[in-house]
Each structure stands twice: as C-alpha cells, then as structure tokens.
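Contents: one structure, followed by commentary.
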Amino acid sequence: MFRKSVPSKSILSSLKGRLLLGLLCALLILAGLVLGMAWQVGKTMVQEANMAHMRYEADLIADEVTQQIDHRFQALERLSDILGMSNDPEWLGYELRKNDALLAWFDAIVVSNSNGIIVSDWPAVAGRVGLDTAEFEYFRMLRGTRRPYVSEPFVGRASEMPMVLVSVPRLDSDGRFSGMIGGVVSLNSSGLFKRLATIRLGSEGYAAISTATGQILYHPNRALINNDSFDATAIPLLDLALDGWQGDGVGMLLDGRVGLQSYAQVWSANWVVGLYLPIKQAQLPLSGFIHKLWWIWCVAAVLMMPILWWLLARILTPLNLLETQIGEVGLGRRSGVDLATNMQELKQVASTFNRVENERQLLVGHLQEREAFLDSVLNASPQGMFVADFGGDITYMNPALLDILGIEPDMPMEAWLEQIHIDDRSGAKDMWMHSLKTGNDYVRQLRFIRSDKEMLWLEIHARVVMLSQGGNSLGLVGVVKDITERREQEALQRWEAEHDPLTGLLNRRGFDRRLEEAFADFRKTSTPSALLLFDLDHFKPINDEGGHALGDEMLRRIAQVVAWEVRRSDHVARQGGDEFGVLLPSCTLGQAQRIAESLRQAVSEVSVSHEGKEYTVTLSIGVTSFDENDTNYNVALSRADAASYEAKGHGRDSVVVKLPKALDPMSLFE
C-alpha cells in the first residue's frame, strides 16, 4: 500500500569508483582514529601540564599574599607595643605621626579602646575619631579571638573604593582585651595583589581572590569586586574552596564555560586564591597541531587517487568482461557465461549466474500460469482484495475493493493514500515497510476517508504468496474488510459500560479504572493526584416530595455544574444514588481544596422547583490525595470517604481535608 523510497543515483556508480571511495573512506577512518587518539592523549597531557603550572602559580600567589598580610600584622603588633594601653588621643596621635612610614602599607591607621570607640587615627579624617565600632564584625572577632584578623571588604566613605581592615588586638600585661589597632588597606592601590596583575594564562585565563564568605577582593572584572550579587555556588569548585578545600580540577566557570581551576588558601586572612583557564584556551595549541596533521593527510590522499584509480582499473578488467557476457545472455545471444580468468571469485559468480539463469527460465513459465489463475480468483471475489509487489506498490485492486474505497481504477496510488486518516497514516506505513522487509503478515486496522467524506474503519490482512517450487514469492495478496459498523458498536458498548446513563458521568466501574490508572502513575512517577468524595445534603426531601423525576433533574443539573467547575483533565463520577467522586490528576492537595470550595459554592446555587417550592442541596466534601504509604487506591478512597462523613458531622455544607496519617498532626492524638 505504500511505495518504498528509491535512492537517487550515486555519482560514483561504477564498481571501480566505489572501491576507490571505499579505500579513501578506510584511509579517512584510519586517519580519524589516529588523529582522535592523538587528540585524546594530547588533551590529557595538555591538561596535566596546565594544571601543574596553575597549581604552582596558585601556591606562589597564596604564599606572597600570606607574606604581605603577615608583614602588616607584625607591623601593627610592633606599633601596639609602642602605644601600650594609653587611650590619650594627643599622645596616640603623636606616636602615629612618628610611625608615618606605616602608610606605605596602609591607607590609614586607627586605634580604638576596649569599648570599640575610635580614639585616634592617622591621617586624621573628620568624623572618624569617636566612631563606635563595637558592633562591627572585625571588632567582635578581635574581642572574641584576641588574634590578628582581616575584615570583610567594605567601601571607604571618603575614597568610595573597596577596602579591608587589617587589625590586631591591644592586650594588657594580663592578656585582657583593651582595644584594637587597625590598618585600612585599599584593594586597588595598596599593591597587595600586584602579583596577580602579572599572571599570564593565555588570552582568557585569569586569577582572582575572594574571602571565605564569597566576597570578591580581586578580579579582572572590577564590577565583581565587593559585589553582593556574586553567587559563589555558580562555580562548584570555588564553593568547595570557600569551605577550606584547596586543589585543582575541571569545572564550570562563571560565564558558563568549562575550565581548568586551581585553588590555594591564604589562611592568615581567610582568603581563597583561584586561577581559571577556559579549557578551549588550554587546548588551542593542540587543536592547531591536529588541524595541520589533518590537512597534510588530505593532500596525501588527493595525490594517491590517480595511482589507486589505475591499479583498480587493472584489477577489474575480468569483471568488465563478465558484465559484457551477462548483457549478451540478457539479449538472447548467449545461453550462459564462459569466463577465462584465474580469479576464483569471478569463476564462482559465473557458475552461480548460469545456475540462476536456468532456474529463472523455469520460474517464468510457472509464474505466468499462476498470475492468470490469481487474476481470475481476484476478479470474481466479493471480498475486497489487492495485490502488491515487493517494491511496496499496489499493482491490482479488485472491483469489490474499489467499491469499498469509492475510487476509480485509474486513480493514482499517491492520491488515494492521502485519504487514509492522518493519525493512522504513519503507523500503517511503518508496519507496511516492516512487512515488506521481513515477509511477515501485514495486519492493521485503520480509518479511511472516502471522497464523499464518509469515514470507514478498514481491517487489512496481507501475506506473502509463495511458490510451491523453490520457495520463491510472487508478491503480497491482501484482504480488506469494512468493519465500521462493528467498531461503532464496540465503542458504544465501552462507553455504556463505564458511564452513568442519567448524568453521562463515569459510573463506579469507570471511576475505579481511572483511579487504578492514576494510582499506578503515582507509584511510578510520584505524580500527585487528589480525590474528592461527596454526597448531597438534603436530597431525600426532593425525592420524597417531588418524586424521582425531580430528583433525577437535580442530579443532572448538579452533574453539569460539577463537570463545568473542574478541569478538562479531571474525572467526575456518579458512584450511585447521590454519591459523587472527582479524581484530580496532577493536582496538589491545596489546589484540590480550592476546587472543592468552588464546587461547594457552585452546587449551593443549583435549585429545582415543585408546586411553588424551591429545593436546594449542599455538599459535604471529603478531600485527600494519594500517599506513598497507600497500598492501593482503595486506601485513599476510604480516607476521602471518612473525610466526607466528618464534613457531615460538622454540620454539612463544608469541606474536610483528610491527610495521610504520616502527615496528619491529629494522628498523634489517636
């Protein structure tokens, strides 16, 4: 029924051309394997060499920054010994001016008393003396640890530049804390990170320093320095380094690329030194080398083509003679081929061809007889039948089949194939091609749109017709049945088996099947599903006073309202009498509670009238969801039913959510 696609004619249609192409492909594969292995080995070597270099540089930078910090600590400790425990501003100012040489390492020096009040500074800045630093993190750390400390970065009030405070505690002879001496260090102009500016890691590599809390102290991108929006977790290895790890590895960089990374710790300042090199940058020299090797191979292959062409022409000369003799057999000038060659393979081909030619002549005679018989059978059959060749083309359709499909005998196959329903076309074609390849029976039901727009359900059964002699096949013969009426009857029966005839909603059987399917999905994929169960409050007076017809009318109206309020993907069922259920697939418990409230409100507005009296009902709704501890959906069903009874016990017209016992806090008191 479906035409097999025919590949376009290749430019290299001769055997010699194909052999030449095969040799070149073999050389290409060999070159690819060699270059691939070279790339993999070289990539590992390049990565190891770069890692070793980055590890050395990271340690060197960390050592240098550690020395810079230690020197500053030592200078401040010597100054602390000079100043002693005095808090006299004039004397402290005098001593600070005497040690003016410290400004080569610090942008400013401040002295505080034991309460964190700045009592002196140099150079003097208005408003700094008297500043209360007791709540600043660096003062609290000094007072608590009584050890030198480097603060988190901050922005200077006057310079508006990022800075840190290098500070040491002032301790009396008994070791009691008496204040601090701090040196303000600019991150831009102090020379603290001058080593990082000299680092060269290709054109895209760089070095950076951050605090253990993730605040950037140095980075080629100045916008990141002391930027609170920087997220260290974006670089997983940096996140580890902030916890004290040091080492190297390959991971994601800040810009999303993969790169080599090396980390070292500056323990005295609680800083992290990081070196970063995009992996493409590291592999750039190796990539250039591999490209040069590739072009050298391509030039060598082009130069070899004329020599290979000549050699193949010499080797294939007997094959050309075989081709000529086979052509003469086809024209009837020869009865067989007779090849004078020492090539054993060509001798075997000639012998096989002669045997096949003799068998073909016998088969042709039998085939003509069988075709005449088959044509008579197909034309006389009242059943729709067709014949197809092994190319996938329908070569014959009998009158009964033409009448079923409503098409003319001369209608092109491509045209009536388009009348197969679009949802069935692809699957039917795939199975048809599979049957052509394997020789298996083709059995398929599909929809067909006739020219008069009538849709038919067709059942197609085709099988290979084999000859009794030799096991050769003639093609495929198929039978087509119109099963439209049977399918419609089956669909109606399936619908009636699972739906309530009064309301059109699912009945208990249909609802149970969908509950079972939803629970299976929940167990496989943890897809949440919620369940509502409710019956009608004050429904009995409607049946008693207005009769069952009035009660049925109320049930139909409520069914319409409930179906309208829930989602199209939800399943609503009338389980019997005035009992209803709603399954809410892919729905959380909170969403289900909101839907239940909307149902309760909507149904409360539904009414029917009888003899001047208006009747309304309310809902007592129980809500629950599937839980991993539920052994089957009946457990959740029982939980929802219990919640519905609780709603009735609360005075009706209410919604009660029943959690699984593992989640229900009230279960602790049971």
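The figures that follow rest on heavy atoms only: side chains count, while hydrogens, waters and symmetry mates do not.
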Under a 4.0 Å threshold between the charged nitrogen and the carboxylate oxygen, would [Y] count as salt-bridged to [X]?
X    : Y    : value
K280 : E204 : no
E553 : R556 : yes
E597 : R594 : no
D535 : K648 : yes
D627 : R639 : no

Crowding at [atom1], [X] (>12 non-hydrogen neighbours, <6.0 Å):
X    : atom1 : answer
R444 : CZ    : yes
R147 : CZ    : no
R509 : CZ    : no

Query - Verdict with supporting geometry, L589 and L659, side-chain contact (heavy atoms from CB on, under 4.5 Å) - result: CA-CA 9 Å; L589 205 56; L659 296 173; 2.9 Å; yes
[X] side chain to [Y] backbone, donor-acceptor under 3.5 Å:
X    : Y    : result
T133 : G116 : yes
S620 : S644 : no
Q419 : I449 : yes
N634 : L637 : no
S262 : L275 : no
Q261 : M252 : yes
S167 : Y149 : yes
R574 : G577 : yes
R600 : T618 : no
R143 : M180 : no

Does any non-hydrogen side-chain atom of [Y] lie less than 4.5 Å from one of [X]?
X    : Y    : answer
I621 : V623 : yes
Q591 : L584 : no
L458 : I404 : yes
Q47  : I279 : yes
Q265 : V272 : yes
L217 : S210 : no
R514 : E498 : yes
L260 : M51  : yes

Requested in this report: Run the numbers on L506 and H499 for side-chain contact (heavy atoms from CB on, under 4.5 Å), then give the verdict.
Outcome: CA-CA 4 Å; L506 293 171; H499 287 78; 3.7 Å; yes
**Report entry** H538 ring center near Y615 ring center (under 6.0 Å)
**Finding:** no
Query raised in the report: Are Y276 and Y263 close enough that their ring centres sit under 6.0 Å apart?
Result: yes
**Report entry** F626 and S529: CA distance, side-chain angles, deciding distance, side-chain contact (heavy atoms from CB on, under 4.5 Å) verdict
**Finding:** CA-CA 6 Å; F626 291 147; S529 291; 3.6 Å; yes
Query - From CA spacing to verdict: side chain to side chain donor-acceptor pair (under 3.5 Å), D521, T527 - result: CA-CA 6 Å; D521 289 341; T527 302; over 6 Å; no
Nearest non-hydrogen partners of [X] and [Y], listed with the distance:
X    : Y    : value
G581 : L533 : CA-CD2, 3.7 Å
N440 : S435 : O-CB, 3.5 Å
K658 : A643 : CB-CB, 3.5 Å
S625 : D630 : O-OD2, 4.1 Å
R425 : I420 : NH2-O, 2.8 Å
S607 : E614 : OG-OE2, 2.7 Å

Quick one: pull up [atom1] in [X] and [atom2] in [Y] and give me the separation to the nearest 0.5 Å.
X    : Y    : atom1 : atom2 : result
Q593 : T624 : CD    : OG1   : 11.5 Å
N507 : Q575 : CG    : CD    : 9.5 Å
N270 : S151 : CG    : OG    : 12.0 Å
I216 : L187 : CD1   : CG    : 11.5 Å
T211 : E152 : OG1   : CD    : 4.0 Å
F448 : W416 : CZ    : CH2   : 7.0 Å

Report task. Could you check S112 against I118 for side-chain contact (heavy atoms from CB on, under 4.5 Å), going step by step and ending with a plain yes or no? Result -> CA-CA 4 Å; S112 81; I118 302 296; 4.0 Å; yes
[Y] and [X] aromatic ring geometry - parallel, tilted or perpendicular at 30°/60° bounds:
X    : Y    : result
Y206 : H219 : tilted
F154 : Y138 : tilted
F580 : F534 : parallel

Query raised in the report: With L536, which of V606, L619, I542 fulfils side chain to side chain contact (heavy atoms under 4.5 Å, CB included)?
Result: L619
